[in-house]
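Quick notes on the structure that follows.
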Amino acid sequence: MSLHTAKINWERGDAVFSDAKYSRGHLISFDGGVSIAGSSAPESVRPPLSKVDAADPEELLVAAVASCHMLFALDFTRKAGFVVDSYEDNPEGKMTKREDGKVGITLVTLHPKMVFVGEEPSSEQLHEIHHKAHEACFIANTLNCPVEVEL
């Protein structure tokens, strides 16, 4: 259907590689020209070897789920005849050891909040919008962990 790409650049610099004391900081670039700082999570590799002010893979995964859900939720809200003025989410990803012993993101929880102009959807309509957005979200459909939406 489509191909999605990114570029990851990391350089050792003058660090000794064999002692594991090299920076985990790297640059993540996207095809549109946007680049962001990336790093391992500070919980995985302690600073200064990880960069606290950079996005880690776990955060990027959680943000991807929330962004995808939002884009579908906005479209389904529009199709239902409502006008959204703003949308905010503070998604969370829980990383734990799975039953197979591997560590991974085992739950993503979204907390979407929409502000409407004019008529607002009922609670039932809002739940239906978010249910449809969850069912359609490409990223949620890719994961092997549950994604919950808390309104």
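Throughout, numbering of the chain's residues begins at 1 and tracks the sequence.
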Hey, could you give me the [atom1]/[atom2] distance between [X] and [Y], rounded to the nearest 0.5 Å?
X	Y	atom1	atom2	answer
Ser67	Ile139	OG	CD1	8.5 Å
Ser86	Lys113	OG	NZ	12.0 Å
Glu128	Ser123	CD	OG	12.0 Å
Leu3	Met1	CG	CE	12.5 Å
Ile36	Leu60	CD1	CG	5.0 Å
His26	Ser40	NE2	OG	8.5 Å

Check the hydrophobic clustering (I, L, V, M, F, W, Y; side-chain heavy atoms under 4.5 Å; chains of links allowed) and say if [X] and [Y] are grouped together.
X	Y	result
Leu61	Ile28	no
Leu151	Leu110	yes
Ile8	Val34	yes
Leu126	Leu71	yes
Met95	Val45	no

List in chain and number order the residues that pass salt bridge (charged side-chain N to carboxylate O under 4.0 Å, His left out) with Asp100, two or more places apart in sequence or in another chain; answer none if no residue qualifies. Arg98
Excluding sequence neighbours, so at least two apart, what forms salt bridge (charged side-chain N to carboxylate O under 4.0 Å, His left out) with Lys7? none
Could you walk me through whether His130 and His69 pass the side chain to side chain contact (heavy atoms under 4.5 Å, CB included) test, one step at a time? CA-CA 8 Å; His130 283 290; His69 180 92; 2.8 Å; yes
Could you tell me whether [X] atom [atom1] has more than 12 heavy atoms of other residues or ligands within 6.0 Å of it?
X	atom1	answer
Phe138	CZ	no
Arg46	CZ	no
Lys21	NZ	no

Residues in ring-ring contact (aromatic ring centres under 6.0 Å, His included) contact with Phe30, at least two apart in sequence or another chain: none
The complete set of salt bridge (Lys or Arg N to Asp or Glu O under 4.0 Å) pairs with one or both residues in residues 55-83, sequence neighbours excluded, reads Asp75-Arg78, Asp75-Lys79
Kindly give the heavy-atom pair with the smallest separation between [X] and [Y], and that separation in Å.
X	Y	result
Val108	Cys145	CG2-SG, 4.2 Å
Asp89	Ala66	OD2-CB, 3.9 Å
Ser50	Pro42	OG-CA, 3.4 Å
Ala73	Ile129	O-CG2, 3.7 Å

Remaining members of Phe17's ILVMFWY cluster at a side-chain heavy-atom cut-off under 4.5 Å? Trp10, Tyr22
How does the hydrophobic cluster around Val52 look, that is, which other residues are in it when side-chain heavy atoms under 4.5 Å mark a link? none
Check against side chain to side chain contact (heavy atoms under 4.5 Å, CB included), Glu120 and Phe82: CA-CA 7 Å; Glu120 295 187 14; Phe82 301 102; 5.8 Å; no
Is any side-chain heavy atom of Val149 closer than 4.5 Å to a side-chain heavy atom of Pro112? yes
When Glu148, Glu88, Glu92 are each screened for side-chain hydrogen bond (donor to acceptor under 3.5 Å, both in side chains) with His111, the one that passes is Glu92
Please step through side chain to side chain contact (heavy atoms under 4.5 Å, CB included) for the pair Met114 and Thr77, ending with a clear verdict. CA-CA 10 Å; Met114 287 193 265; Thr77 303; 3.8 Å; yes
